[in-house]
J.: 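Pasting a structure here, questions to come.
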Amino acid sequence: MSDRLCYIRSDLSQLAAYTPHPGGESTAIVDRLDTNESPLDLPEEIKSKLAWAYQQEIEANRYPDGSHDELKRAIAEYVTESANVTEPLSTAKISVGNGSDELIRSLLIATCLGGEGSILVATPTFSMYGILAQTLGIPVVTIPRQEDFSLDLDAARLALEQIDNPPVRVVFVVHPNSPTGNALRERELDWLTSQPENILVVVDEAYYEFSQTSVVGELAQRSNWIVLRTFSKAFRLAAHRVGYAIANPDLIQVLEKVRLPYNLPSFSQLAAKVALQQRQLLLPLVRQTIQERERVYLILKEDSKFKVWQSQANFLYLRLQNTARDRVLAGITQNLKAQGTLVRHTGGGLRLTIGTPEENNRTLERLAAVDVAAR
Ligand SMILES: *Cc1c(COP(=O)(O)O)cnc(C)c1O
């Protein structure tokens, strides 16, 4: 780092900024299948409602509601209805963030900052845990996954036992995992359940609406577990940056302490409330996405170049059958991009978001035409 920036922490000089679209944006991109967003914008009806509400209800000169009260009530109702819970979820068990990314950062600040702890992740997985930890100077302990992408539990046990400088304080898992699409299995859940009170277990359910599998029903018995959810995927609100956490009220209190006071703009709070009210208009697309995912899966399975896995989310993960991976995959990613499809090259494979049928068909054609032998 240059002398001019000598006031910057030295460990940040090694860190690259997160670039969702490496190599810059090309104008010819039509099929953006790299960030697991919903392929469809909000319905016109909901957009008009939001525009109207902006004019009538939002005072642009006032700070947003820093308590997020109404939004929390709407979230509590939705979670209670959709999860296997016996009593209505209290708003004291919910914290709202500027995307779940903010909640991840708040959790890191609240648990590991200042040399107090390390985090454990099993790769390939969502990259933000590691990136955010690094920006805070928090060590990241990485363990591998098995052939079926479930956690390597022996490696996990060993890491928890042996790493003490600083010890692992938080385990991050995604349920179902990104980029690989697998939900947690019984064996993994048992291991997470066996974690002592001094380990925080974060279960990121960003793809809950697609998997319909959740551990929220477990939270009453697990004071050291926290569930993260987001409006960025099935609810089609990636532009508005809204995520939420569900956990015991004491842990939620700490998250509320750590966050910025006005972390969520009024318009984003409004958009999330309206999306929840109108969920019968938004969520049916989930079923279509799942049908498309199964169709695309079956077609890719027939392509001998690729190995593809079943997924419980809105994306598929594929690897090349018999080729040295990353250089070739980088070439394929570039080649697809030149034709107008963005996919995500990560963890030694390609993650393909399920788009509209048209987007999927174009992308399937482009993948079928990939010539691995020529590379
Ligand atoms: C997309 C995604 C999120 C969502 O992050 P936001 O900040 O809410 O947009 C969180 N976790 C995982 C695993 C994701 O894939």
Side-chain angles (χ1 to χ4, degrees), residues 18-21 32-39 42 68 71 75 78-79 94-108 119-133 135 140 145 149 151 170-184 188 201-211 213-216 226-246 255 259-260 263-265 268-269 271-272 275-276 286 289 293 311-317 342-347 349-355:
Y18 179 74
T19 44
H21 306 296
R32 286 169 289 176
L33 306 184
D34 60 336
T35 46
N36 295 346
E37 296 148 334
S38 168
L42 292 176
H68 314 138
L71 176 55
I75 290 169
Y78 168 65
V79 174
I94 299 172
S95 184
V96 182
N98 195 277
S100 24
D101 288 352
E102 187 199 10
L103 294 161
I104 294 165
R105 179 147 69 180
S106 293
L107 279 169
L108 292 168
I119 67 165
L120 184 82
V121 296
T123 51
T125 195
F126 187 48
S127 60
M128 283 317 283
Y129 311 129
I131 293 170
L132 292 172
T135 65
V140 181
R145 289 173 180 270
F149 297 125
L151 307 171
V170 187
V171 176
F172 282 95
V173 291
V174 195
H175 179 48
N177 188 45
S178 172
T180 53
N182 53 307
L184 290 167
E188 297 168 284
V201 174
V202 182
V203 183
D204 188 335
E205 296 187 350
Y207 301 97
Y208 160 70
E209 283 79 11
F210 300 96
S211 71
T213 164
S214 173
V215 302
V216 166
I226 184 165
V227 170
L228 302 181
R229 300 250 187 102
T230 180
F231 285 87
S232 298
K233 309 283 157 62
F235 277 101
R236 309 191 217 172
L237 287 185
H240 289 289
R241 314 298 303 124
V242 189
Y244 57 100
I246 314 166
L255 289 179
R259 69 169 169 86
L260 296 175
N263 60 337
L264 203 57
S268 293
Q269 296 191 39
L276 284 169
V286 166
T289 301
R293 181 190 73 204
S311 162
Q312 302 221 48
N314 64 341
F315 54 83
L316 288 166
Y317 193 57
L342 292 177
V343 300
R344 181 127 163 92
H345 172 201
T346 180
L350 299 179
R351 191 191 65 194
L352 185 66
T353 305
I354 300 302

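Numbering of ligands and ligand atoms starts at 1, following listing order.
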J.: Taking all non-hydrogen atoms of both residues into account, name the closest pair between Asp34 and Arg351 and its distance.
T.: O-NH2, 2.7 Å
J.: Answer side chain, backbone, both or neither: which part of Glu102 comes under 4.0 Å from ligand 1, heavy atoms only.
T.: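 The answer is neither.
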J.: Determine, considering heavy atoms only, which of Ser232, Pro176, Ser178 sits nearest to atom 9 (O) of ligand 1.
T.: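 Looking at heavy atoms only, Ser232 sits closest to atom 9 (O) of ligand 1.
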J.: Kindly assign one of parallel, tilted or perpendicular to the pair Phe210 and Tyr207, based on the angle between their ring planes and the thresholds 30° and 60°.
T.: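 Tilted, since the angle between the ring planes falls between 30° and 60°.
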J.: For residues Arg229 and Val79, report the shortest heavy-atom separation together with the two atoms involved.
T.: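 Scanning both residues, the minimum pair turns out to be NH1-CG2, 4.1 Å.
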J.: Run through Leu316, Leu352, Asn177, Asn182 and flag the one making a side-chain contact (heavy atoms from CB on, under 4.5 Å) with Ser311.
T.: Leu316
J.: Select one of side chain, backbone, both or neither to describe which atoms of Tyr207 lie under 4.0 Å from any atom of ligand 1, heavy atoms only.
T.: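 It is the side chain that gets close, since no backbone atom is under 4.0 Å.
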J.: Below 4.0 Å, non-hydrogen atoms only: which portion of Arg241 touches ligand 1? Side chain, backbone, both or neither.
T.: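 Just the side chain.
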J.: Look at the rings of Phe235 and Tyr78 and say which category their plane angle falls in: under 30° parallel, 30 to 60° tilted, over 60° perpendicular.
T.: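 Ring orientation, 0 to 90° scale: perpendicular.
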J.: Ignoring angles and geometry beyond distance, decide whether Lys233 reaches within less than 3.5 Å of ligand 1 through its nitrogen or oxygen atoms.
T.: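 Yes; at least one N/O pair falls below 3.5 Å.
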J.: List ligand 1 atoms under 4.0 Å from Val174, heavy atoms only on the residue side.
T.: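 What qualifies from ligand 1 is 13 (C).
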J.: Mind checking whether Asp204 has a heavy atom under 4.0 Å from ligand 1?
T.: yes
J.: Looking at every non-hydrogen atom in both residues, tell me the closest pair between Ala313 and Arg293 and how far apart they are.
T.: O-NH1, 2.8 Å
J.: Nearest non-hydrogen contact with atom 10 (C) of ligand 1 belongs to which option: Ala313, Ala239, Ser100, Ala238?
T.: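 The residue whose heavy atom sits nearest atom 10 (C) of ligand 1 is Ser100.
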J.: Closest approach of Gly243 and Leu103, non-hydrogen atoms and distance?
T.: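 Looking at all heavy atoms of both residues, the shortest contact is C-CD1, 3.6 Å.
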J.: Answer with side chain, backbone, both or neither: which part of Asp101 has a heavy atom less than 4.0 angstrom from an atom of ligand 1?
T.: both
J.: Using a 4.0 Å cut-off to any heavy atom of Thr230, which atoms of ligand 1 qualify?
T.: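 Near Thr230, meaning under 4.0 Å from one of its heavy atoms, ligand 1 has 4 (C), 6 (P), 8 (O), 9 (O).
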J.: List ligand 1 atoms under 4.0 Å from Ala206, heavy atoms only on the residue side.
T.: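 Answer, ordered by atom number: 2 (C), 3 (C), 10 (C), 11 (N), 12 (C), 14 (C).
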J.: If you look at every heavy atom in Leu151 and Glu188, which pair is closest and at what distance?
T.: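 Of all heavy-atom pairs spanning Leu151 and Glu188, the closest is N-OE2, 2.9 Å.
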J.: Report yes if some N/O of Asn98 lies less than 3.5 Å from some N/O of ligand 1; otherwise report no.
T.: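 It does not: no N or O of Asn98 is found under 3.5 Å from an N or O of ligand 1.
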